[in-house]
Each structure stands twice: as C-alpha cells, then as structure tokens.
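Reading through the structure tokens given below for one structure.
A, B, ... follow the sequence lines: proteins, then strands. Residue 1 opens every chain. The figures that follow rest on heavy atoms only: side chains count, while hydrogens, waters and symmetry mates do not. As the structure is a computational prediction, the values presented were derived from the model and not from experiment.
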Amino acid sequence: MQDSSNRDPSAVCERFLDQVSVGLSKEVSVFERDDTIKEMRSHLLACAAAFEELGLTPYDAMAAAIDRFGDAATIQSQLLKEHRKGSHRHVSQIVTVGSGAIFGAILMVAADCSLVWTHTVGNRSLAMAPIGMVVGGLIGASLYKRPRTPLVAALRSGLIVPTSMMLLVCLLNRQFPDASFLAASLIAIGSASCLIAFVTCWIDRLVGKYLRQANHLPPTAMG
Amino acid sequence: MEYGPELLKGNIQTLILTVLEAGSLHGYGISKEIERRSEDALAFGEGTIYPALKALEREGFILGAWENPCTGPARKIYSLSEAGVREAVRRRDTWSRFARTIELVLGGRSSEQVTGFILNGSV
C-alpha cells in the first residue's frame with residue numbers, strides 16, 4: 001500500500017483548481033477568475049482541515065475534500081454558463097440604453113425642429129440632442145428592466161416619451177404652444193416613439209437570441 | 001434518504017438565500033449549513049454552490065466581502081442585500097405553492113387536505 005501522507009496535499013489542491021480555472025481563462029476576467037479560485041481554495045482547505053480533525057492524513061483529507069467538492073469539469077461549465085448569462089445581460093443593457101439614447105436625441109431635435117418650423121416655440125435644436133440622449137437612455141434603461149415584449153414597450157413609451165420630450169422643450173424655451181398644437185405634436189411624437197421602442201426591444205431580442213444560439217444557452221438565459 | 005442533483009437543479013440559489021437569511025456566511029459555511037438543515041439528505045457537489053453564488057451576487061441579491069481571519073486563509077463572506085431579503089421571501093412562497101401543487105397531484109388529495117398536511121404534518 002502506498003503511503004499517501006508523503007504526498008503534498010496543497011499540490012493536489014492546486015492541480016484540481018487549475019482544472020477548474022483552465023477553461024475559464026478565455027472568457028472570464030483575471031480578477032473574477034482569481035477571486036473564484038481563491039474562494040474555492042479557502043473552501044477546500046477548510047473542508048480538508050475538518051477531515052484531518054477526524055483522523056485522516058493531510059493528503060487523504062484533501063482528496064476527500066476534493067471528492068466532496070465535485071467534478072472540476074462540471075463546476076467549470078456551470079461557472080462559464082453563469083458568466084455568459086451575465087455577459088449577455090450587459091450586452092442587452094448596452095443595446096437598449098444605447099439605442100434609447102440615440103433615438104431620444106433624434107426625437108428631441110425633431111420635436112424642437114417641429115416647433116421652430118411652425119413658429120411656435122423652440123430654437124435650440126442641437127442643444128436639445130444631449131438632453132434627448134439622457135432622456136432616451138433613461139427610457140432605454142426602463143425598457144431593459146421590464147416590459148420585455150416589444151408591443152408593451154412600444155405602448156408604454158408612446159405615453160412616456162412624447163410627454164417628457166414636449167414638456168422639456170417647452171420648459172427649456174419657457175414658452176408653451178396652444179393646446180391643439182401640443183396635442184397634435186404629442187400624437188406625432190408618441191407614434192414615432194412607439195415605433196422606436198418596438199424596434200429597440202426587437203433588436204435587443206434579436207441580439208439576445210443570437211448570443212444564446214452562439215453559446216448554446218437555453219431561452220431563459222437572458223433572465 | 002438522499003436526493004439526487006436533478007431534484008436540486010435550480011433550487012440551490014433558493015437554499016443559499018434562505019440559509020443567508022439567518023446571517024452572513026462563507027461558501028464552506030453555507031454548504032455545511034445546507035447539509036445540517038437537510039440532515040445530510042441533500043447530496044450535491046459542494047463546488048456547485050459557487051456558480052450559484054456568482055449568479056446571486058451578479059443579480060445583486062447577495063453581497064460578498066473578503067475577510068482575513070486571525071488563523072487560516074482569507075474567506076469571502078456573503079450576506080443578503082435588501083433585494084435578496086425580498087427575493088428569499090418570494091422564492092420561498094413560490095416553492096411552497098409548487099410543493100403544495102405537486103403534493104396535490106401525487107397524493108390525489110384535496111387542496112384543503114394538503115394545506116392541513118403542510119401546516120400540521122397530518123391529514
């Protein structure tokens with residue numbers, strides 16, 4: 001029988017952790033990977049110490065701890081799966097907030113231009129763009145959270161976007177158009193923002209679907 | 001009696017959140033607490049709690065902080081965030097309803113009988 005106490009338990013531990021981390025290196029950042037491996041090392045050492053207290057040799061205690069810990073390949077694939085879910089979520093956030101900001105800027109300038117064109121109020125067309133970006137970005141962020149269906153997103157944005165845009169334009173110009181013009185503008189911008197929200201949500205879904213297919217993840221992976 | 005990993009699939013996050021409701025713990029402590037509460041009936045690789053912990057941390061349900069004890073290696077201690085407390089309650093409710101539904105189907109009992117069984121331990 002081989003004397004297992006002569007073997008180095010920390011080398012066994014490191015070998016196991018290498019097996020877990022080797023497949024993570026391509027996708028998971030060094031910081032996140034080191035954090036996870038450090039945590040697992042701490043777990044294995046604590047578990048091995050508990051086995052040693054029961055009378056096992058250091059090597060056998062570490063082997064038992066690794067055995068309880070589970071299969072390295074399974075843990076690695078689960079970690080990768082969770083990491084990809086998180087990455088997809090970030091891409092989705094960028095898509096919705098980014099497209100919301102772009103469309104917001106366009107809408108804001110368009111709203112101001114329409115008021116200038118009708119000689120009602122408005123004269124700061126380009127100055128409106130950054131404000132529109134912020135508002136559009138915030139709307140994009142709210143779309144990202146919920147609702148996820150393009151139709152509900154479109155209906156909700158049809159109310160939020162035109163009201164906020166028109167009020168902002170009027171407040172910034174310190175002038176208010178008459179009620180009939182305001183109503184007509186709200187309907188026009190509302191319809192446009194409905195379309196934009198629908199398209200934004202639809203693009204987000206397409207990107208999500210592509211990423212899921214590329215990474216062989218189930219439909220629920222986007223959360 | 002031990003339950004296989006298939007039955008546990010998807011429920012490890014709920015178990016972690018529930019265990020953390022009692023107080024902050026590190027990964028090893030969480031797995032030991034699940035083992036203790038289940039009276040060693042829940043058999044799963046202890047390493048599988050780490051992907052679940054990462055997911056919960058990313059969702060903002062738990063907060064992790066490194067701690068350097070006087071003896072032994074550094075440990076990452078997890079605690080529930082406010083959203084995590086709400087999520088733990090939500091998941092427990094969902095699980096209770098699910099368990100009740102399964103019991104209805106498996107036992108062929110009425111809804112009232114199952115409620116009595118769950119509350120009193122007998123029908």
Region of B:Glu35 that comes under 4.5 Å of a non-hydrogen atom in chain A: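 Side chain only.
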
Going through the checks in order, is the side chain to side chain contact (heavy atoms under 4.5 Å, CB included) test met by A:Gln78 and B:Tyr50? CA-CA 9 Å; A:Gln78 286 177 350; B:Tyr50 289 96; over 6 Å; no

So which part of A:Asp35 gets closer than 4.5 Å to some heavy atom of chain B, the side chain, the backbone, both or neither?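 For A:Asp35, the contact with chain B is made by backbone and side chain together.
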
Under a 4.5 Å heavy-atom cut-off, does chain B meet the side chain of A:Leu79, its backbone, both or neither?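 Looking at A:Leu79, backbone and side chain both touch chain B.
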
Mind checking the [atom1]-[atom2] spacing from [X] to [Y]? Nearest 0.5 Å is all I need.
{"X": "B:Ile49", "Y": "A:Ile75", "atom1": "CD1", "atom2": "CD1", "answer": "10.0 Å"}
{"X": "B:Glu59", "Y": "A:Glu82", "atom1": "CD", "atom2": "CD", "answer": "8.5 Å"}
{"X": "A:His43", "Y": "B:Ser31", "atom1": "NE2", "atom2": "OG", "answer": "4.0 Å"}

From the list A:Glu32, A:Glu39, A:His83, side chain to side chain donor-acceptor pair (under 3.5 Å) partner of B:Lys54 resolves to A:Glu39

B:His26 and A:Ser42: side chain to side chain contact (heavy atoms under 4.5 Å, CB included), yes or no, with the steps? CA-CA 9 Å; B:His26 49 87; A:Ser42 158; 5.8 Å; no

Taking every non-hydrogen pair under 4.5 Å, which of A:Lys38, A:Arg41, A:Met40 racks up the most with chain B?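 Of the candidates given, the most pairs with chain B belong to A:Lys38.
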
